[in-house]
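Each chain gets a letter, A, B and so on, in the order the sequences are listed, and its residues count up from 1. Owing to the predicted nature of the structure, the values given are computational and were not obtained by experimental measurement.
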2 protein chains.
Amino acid sequence: MTPPAPPQRRSAESVRDTPTRILDAAELLFVDRGYAATSVRAIAERAGVNLGAAHYHFGSKQALFGAVVERCFAPIQEQRNRALDALLAQSSQPSVREIVEAFLVPLSASPAAEAPRLIARLFGEPTSISQPLIEAQFGPSFERFTEAFQRALPELEPTEIRWRFHFAIGAMVHTLATAGPISAPSVSRHDAIDRLTAFATAGFITPPDTPRAQEKIT
Amino acid sequence: MTPPAPPQRRSAESVRDTPTRILDAAELLFVDRGYAATSVRAIAERAGVNLGAAHYHFGSKQALFGAVVERCFAPIQEQRNRALDALLAQSSQPSVREIVEAFLVPLSASPAAEAPRLIARLFGEPTSISQPLIEAQFGPSFERFTEAFQRALPELEPTEIRWRFHFAIGAMVHTLATAGPISAPSVSRHDAIDRLTAFATAGFITPPDTPRAQEKIT
DNA sequence: GTCTATATTGGGATAGAC
DNA sequence: GTCTATCCCAATATAGAC
């Protein structure tokens, strides 16, 4: 689909090419309202292009959504995989916290500011729309991280590992989706990721059967 | 709004009254597809009633959604508050795990099987729709639990308490939303809540500043 | 209280001009 | 490659018959 790196001049306020403008507008609206509540008309309007152009370039609303998701996911997944590669290269057995960080930090370093919130939206869409995209974009990296967690926590059953990863992803998605609707006043994304890293790491490394063991601290 | 407990005969397959049938159908479809992707037409069709009846009884799609949410939330919030009351009555200082359980267990004991998934859906909707409903149904109980956590973990700053509660809610919502899209094979809800309780408790009680302290277990 | 019919709006998609 | 105009359908909501 994506042509081999179009010229993409980046002068500050230059007019980007039409597909990019459509993608930008679509990303913003999909993040804001979700898939079903966003119309292609509204996207075209915000992008300053004609409705017909959107269908010409992307074919359908669903395909446009897929393109937006892919553009957001790709760099984050790449960073995650690179971070995990680096970890495995420097140590045969990285700590749980290091693996968690490799998974979460790319979110706060993402170039597209709206990317994390789009991820959160994606998980909220009906499975008919989200499932294939999640599998395609997220699946491979998910398996790699699951293996890494398993090696770091050999005393946990594979099922338990997957559940805990599932919980961590849930906390992540919810945190990205809402800058704190019920929670604290909005803080920097970096701060939130730091706190989440500590929370998720603690959840991962807690003993499986006797969760009352470390009840009281200090 | 709700009339004073209508007769509601409950013979196994008896025809429930029209508003109830509409609510049932709406709950099922909202859970399945989300708010925006669900039409009042589809709801009326599935309920076996006419389109006009839905608008007569509930006024608008948004009001119908609100009614569905309230019907699902009310019993769970009641159970949560009762569980917290019981805890505070029997001990001046319940443990973190007990508070987490008081918050989570009502989800697996909910009468309406679809209620938890509706909660998850609600959090995924655009804030213009979800925010008022979340505040109204969820807010008061949220404050009570936040206070309880704060008393159980006096060494944590209030901001940190709210973040950790936020993470726990995220893990909960994500778990309820998906019976494991990426995660393990679908297990009983009770089992999932048990595992989540252990995970969230560990996240809550981890020391704030030195998260590497308890890195390796066993 | 429930249904029929309809008003009105907005959506996705396409054909064809430029 | 982009825009205009339009088709067709589905949506919310309402007015009025029964």
Got a sec, which residues hit ring-ring contact (aromatic ring centres under 6.0 Å, His included) with Phe199(A), two or more places apart in sequence or on another chain? Phe167(B)

List the residues meeting side-chain contact (heavy atoms from CB on, under 4.5 Å) with Glu147(A), not counting sequence neighbours, and say none if there are none. none

Non-hydrogen side-chain atoms of Leu176(B) and Phe123(B) separated by less than 4.5 Å: no

Taking the side chain as everything from C-beta on, heavy atoms only, tell me whether Ile129(A) gets closer than 4.5 Å to Leu122(A). no

Hey, can you pull the donor-acceptor pairs under 3.5 Å for the side chains in residues 52-62 of chain B, sequence neighbours left out?
unit_1: Ser60(B); atom_1: OG; unit_2: Ala63(B); atom_2: N; d: 3.2
unit_1: Lys61(B); atom_1: NZ; unit_2: Tyr35(B); atom_2: O; d: 3.1
unit_1: Lys61(B); atom_1: NZ; unit_2: Thr38(B); atom_2: O; d: 2.7

Within the 4.5 Å heavy-atom criterion, are Ile43(A) and Phe30(A) side-chain neighbours or not? yes

The helix from dG1(C)-dC18(D) to dC18(C)-dG1(D): angle between end helix axes, five pairs per end, rounded to 10 degrees: 0°

Between Thr18(B) and dG1(C), is there a side-chain N or O to OP1/OP2 distance below 4.0 Å? no

Using atom NE2 of His57(B) as one end and atom P of dA13(D) as the other, report the distance to the nearest whole Å. 16 Å

Summary of protein contacts for nucleotides 6-18 of chain C, nucleotide by nucleotide, where a base hit scores B, a sugar-phosphate-only hit scores S (4.0 Å, heavy atoms): -----BBBB----

Of all the choices, dC3(C), dT2(D), dC3(D), which nucleotide is nearest to the side chain of Asn50(B) once you look at every atom? dC3(C)

Gap separating the CZ atom of Arg121(A) from the CD atom of Glu125(B), nearest 0.5 angstrom: 7.5 Å

Within residues 80-89 of chain B or reaching into it, pairs that qualify as side-chain hydrogen bond (donor to acceptor under 3.5 Å, both in side chains) - sequence neighbours excluded: Gln77(B)-Arg80(B), Asn81(B)-Arg144(B), Asp85(B)-Arg144(B)

Distance check needed: dT4(D) P versus Glu45(A) CD, whole Å only. 13 Å

